[in-house]
Structures are given as C-alpha cells and as structure tokens.
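Residue numbering restarts at 1 for every chain, and letters A, B, ... go by the order of the sequence lines.
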Protein chains: 2
Amino acid sequence: MDVSGSILPRRTSAVLCERCAGAVRGLCHSLDDLDQVALAAASTTLRLPARSAVFREGDRATAVFTLVDGAAKLLRSLPDGRQQIIGFRFPGDFIGYTARDRYPCDAELVSDATVCRLDRGRLESMSRHCAPLSHRLLELCAEDLAAAQEQLGAMAQRSAEGRVAAFLLTLHAAARRNHEPGIELALPMTRADIGDYLGLTIESVSRVFAALRREGLLREPSRGHVSLTDLGALEALAGAEGMSQATPTA
Amino acid sequence: MDVSGSILPRRTSAVLCERCAGAVRGLCHSLDDLDQVALAAASTTLRLPARSAVFREGDRATAVFTLVDGAAKLLRSLPDGRQQIIGFRFPGDFIGYTARDRYPCDAELVSDATVCRLDRGRLESMSRHCAPLSHRLLELCAEDLAAAQEQLGAMAQRSAEGRVAAFLLTLHAAARRNHEPGIELALPMTRADIGDYLGLTIESVSRVFAALRREGLLREPSRGHVSLTDLGALEALAGAEGMSQATPTA
DNA sequence: CGTATGCTTGACGCCTTTCAACCGACGTGG
DNA sequence: CCACGTCGGTTGAAAGGCGTCAAGCATACG
C-alpha cells in the first residue's frame, strides 16, 4: 500500500536540517534560513514498518522523501512476479525525486524506518527561485546516474564473489558516510533481495557468504548484521575480480 | 586525444534547431527565437572520424555535444586496460551534459560522425533564466538514469541471447526515433564493443549472432549492417527472462 | 603480398543455476 | 505447552551456459 501522505504525520520542528534535510547531503546549504523554515513547514516525519511501501511505481509523484533512518530498496516488479532491485538507499539518501509526474519504481522498506516527506511542488517552486538548490538537485540526479553506471560496469564483468564483495563495500561506504562507528554493519535485506540486486540466485548468494565467512573475510554475529574483517581482501575481490578478457586497446 | 574545440570548426547558420539542437529531442522548444540564435552563436559543428574521442573522462567539462550524425560509445577505462561501455548514443542524443566540472566518462565515436558543440557556460546561464530549459535538462538526466537502471536490470537477469536481443531492439528503437526507414539498421560497433557493453565475450556475442541468423531472426547483408526480420521473436527473447522491457509490440 | 583487425567456430572446463533436502527461528492455534 | 506451518537460510548433486583457449577465415591496408 501507498502511505505517502498519512500514517503518523508529525510536523517537524522549525529547523528542517537537523532531522531531515540535513541528512540530504547538504541539500539545505543552498537555502537561506527563511527558505529552510518554509521547506520545513511543508514536510512531515513518518515512522514506517519494514516491508511497507514509501511509494509505488506509477503513483503520482507528489512528494519526495529523505530516508532519515532505516533502509529501503528501489525496485521494479516484473510481470512474472519476480522483482528487479534497482538499488538500496540508506539514511541521508533522497528518494522519489524525479523529473516525471509519476514514480519510475517502487520504494519499499527493508527495515523499520523513519522518512521525511517533502511536498514536491514546494520543493520545485523553491528550486526555481534558488539556483544553488536546483543545481544541487541536478547534481543528486547525476550522482544517481553515475552510481547506476558504476553498478552497471561492476555487474557486467564480475563473478558472484566479486559482486557480493562490491555490494558489501558499498554498504560499508554508506555506513561510513553516516558516521556509524565500528566495523559491524546492518544487513537488513534478505538473501533474495541481494540476489535480485546482483543478478544471482539466493543459493549463490548464500554460498558466497559461506565462503567469505570460511575464509575469514567477514563474520555474521547475528542475523541482519555483518562485520567485514578484511576490507583489503574484499576490495581485491571486488576490483581485480572475475574474468580476465582484457580488451587490449587504449 | 581530446578534440573538443578544434578540428573543422564551422559556425552553424543562425537557426540552431535545424541542424543540431532540433535533434536534441525538443530541447529548443523551451527557448524563444532570440535565445535560439544566441545558443546557435555559441555552437560549432564538427566532423570527426571514427575512433576519435569527443571528450575524455577527467577533461574539464566545458562543452556539451549533440550527436548529429553517426554513433558514439560512452565508456570508462578500467585500470587493468579493460573498458566498461556505459552505453551507445545515436543521432539526436545529447552527450557530455553533467553537473560536475569534469566529464565522468569517455565519449568515443564508433563511426565517422558529425557533432554539434555547445558552450556549457552559455547553456547553463540560459538555463538559469529559462525554467523550461532547465527542467528539460533535468529530464534528460533523469532519462539517462532510467535507461541505466533499465540496463542494470536487463543485464542482471538475462541470458546472453536475451541481452543481445534487447540490445538489438534498443538499436531498432533508436533508428525509429530518427525516422530511419526500412528494417535494416547500421551496426557500426564491433563485437568487442557489444560484448563490453553487455558483459559478454566477443565469442559469445558472435555465437549469439550466428544463432539468431540461423533461426532467421536477423540477417547481416554486409558488415556493419543488420536487419531484424522477426521483431516479435526478438522481443520474446528479450522479455522472456527478466525485465519486461517497457515497450510492448509497436 | 604480408600484416592487422574483426569475426567465426570448435573443444573443454569452470561457475552459476537448478532441483532438492534440511535446519533454525518465529508465530499461531489447539 | 507443543504441534505445525512459514520464512529465511544453508548445503549437496547434477545440469548447463558461458568463458577460455585455440585455430582459421575474410577484409582492409600499407
């Protein structure tokens, strides 16, 4: 179900950046104080349970969201019931921002989460008056694009082990961005989610995790948590991995 | 080498849209006549040979380009000499537009081509004064993003045959967009290019082409040309396993 | 003509998928 | 309290797709 608009609506306090847009990687730095207050007035903080949808593909894109806490997956449902996972999003990420009038994919939570909902019209009208903001929004889009292309390259030529290693490293990078201490990270998504994302079966994912555990590259202290105990080795797997097939021309 | 700026510079005639931006999928519709003239004054048309670079990853992004004629590939060179091809671009496509100050990837021609070079500063200052234009630019970025994500899903779960079929269909769609008549399309890129794009070896690509030929789904009348003789079957192959590829029979 | 480049085809083997069985955690209802 | 079903995860064995290695052909070019 689509919840974009109700469920525990709660006005944020006056300064938006503290709780919400502050996490949007500097989105608010583009705005003066007055505008920040205006944007805050148009935003609500929602607490949502795991597995609920923030929005669905095809819904009218009337809002954008900041993931404050928790994790989400972006996906397209395939006609045959399978799902293609576009990517995962973490605290501080901006989701649902699009140039079209409908969302291009589903956004579904993989853990309980807190999201901050911003009215899209409000954001856009502000961006029209504020060049730095609109530039920042374009930049966010470009970043997503770069990430998707990176991912594309990554997936294309990597073995199962390399893909999982790369995936774990992006998780790690996301945790570092959010200043989460320690080497243990949350792994709220299922093997099926990971497999759908990486283009592997759950069995393959499971086997790779088992292998990495066996080789001492990671530990799984409890379900939903993983700690990477040999980042260097993981990077080696993620980087120099897979099929050689050099294209000998430069 | 980077050629963005020299080689056969030639002023376009006053009305930009005829030759160049007209092909940018309606970019100019956002501009009034005066602005079009201004933009035209800041643009030059270049004729470049196959294999030359329009720009290189890391170059200062001082210009954006419209591909008027020919085909290009966007790619990232990997440290080990391999290359990951991000995508192919065709006449009417806009390349080199980025929010950053350096190009995120190489753009290399796979055939002789004509490109139209626009000064980036000029474009950006105009977009600041023209909301529809800036919205259109954002939209272009969002389209690229959607395409990349589509591709991501495609690659993740399709077999070699499915990937090639999907690739051929996007080529076909590009040709249709440009109102190219007939079922025969140009296929200027090498098997290696296709393989790097799809995450396959040249042998696999070659075998798939051979199989498709054998099964009567396509013919290759001459090197660099292919005609799809059974679009329905190709769509079935492309769709059967994985992403439903938005375009049904058209 | 000889070389380079792009393409094709065959044989072989590894890696991932497929199919299947099983385990532990959890929640439900009798 | 415990039987039972569900769900997520793990592991094994077999099958097959695609990468790898290798040889050979065609076209273009100096």
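- Where the helix from C:dC1-D:dG30 to C:dG30-D:dC1 starts and where it ends, the local axes point in directions that differ by 20°; five pairs per end, rounded to 10°.
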Can you build the contact string for nucleotides 18-26 of chain C? Use B for base contact, S for sugar-phosphate-only contact, and - for no protein heavy atom under 4.0 Å. BBB------
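- Among the atoms of the strands shown, none is found under 4.0 Å from any heavy atom of B:Arg163.
- What separates CD of A:Gln157 from P of D:dT20 is a distance of 10 Å, to the nearest Å.
- Proximity of a side-chain donor or acceptor of A:Asp196 to a complementary backbone N or O of A:Asp193 within less than 3.5 Å is not detected.
- Rounded to whole Å, atom C1' of D:dT11 lies 10 Å from atom CZ of A:Arg214.
- Remark: side-chain polar atoms of B:Arg163 are paired, donor with acceptor, to backbone N or O of B:Arg158 under 3.5 angstrom.
- Counting only heavy atoms from C-beta outward, the side chains of B:Val164 and B:Arg207 never approach each other to under 4.5 Å.
- Here B:Gly195 lies out of heavy-atom contact (under 4.0 Å) with every strand.
- Here C:dC7 presents its C1' atom at 9 Å from CZ of B:Arg213, a figure rounded to the nearest Å.
- Distance alone, capped at 3.5 Å, is enough to place a donor-acceptor pair between the A:Thr229 side chain and the A:Leu217 backbone.
- A donor-acceptor pair under 3.5 Å is absent between the side-chain atoms of A:Asp144 and the main chain of A:Cys141, judged by distance alone.
- Between the P atom of C:dT17 and the CD atom of A:Glu161 lies a distance of 14 Å, rounded to the nearest Å.
- Closest contact between the side chain of A:Ser206 and the listed nucleotides C:dT9, D:dT10, D:dC18 involves D:dT10.
- Contact annotation for A:Thr190: backbone-only contact, meaning every heavy-atom pair under 4.0 Å involves sugar-phosphate atoms and none involves a base.
- Between the side chain of A:Ser227 and the main chain of A:Ile183, no donor-acceptor pair closer than 3.5 Å is present.
- Using a 4.0 Å heavy-atom cutoff across all strands shown, A:Ile202 reaches no nucleic acid atom at all.
- A donor-acceptor contact shorter than 3.5 Å links the side chain of A:Asp112 to the backbone of A:Ala50.
- For the pair A:Arg191 CZ and D:dT11 P, the computed distance is 10 Å after rounding to whole Å.
- Figure legend: A:Arg191 and A:Phe209 shown as a cation-pi pair, the cationic atom lying under 6.0 angstrom from the six-membered ring centre and within 45 degrees of its axis.
- The distance between atom CG of B:Leu200 and atom P of C:dT8, rounded to the nearest whole Å, is 14 Å.
- When the C1' atom of C:dT8 is taken as reference, atom CD1 of B:Ile194 falls 14 Å away, rounded to whole Å.
- Here the options are A:Gln83, A:Arg56, A:Arg51, the test is side chain to side chain donor-acceptor pair (under 3.5 Å), and the partner is A:Glu108; only A:Arg56 passes.
- Atoms CG (B:Leu198) and C1' (D:dG17) sit 16 Å apart, rounded to a whole Å.
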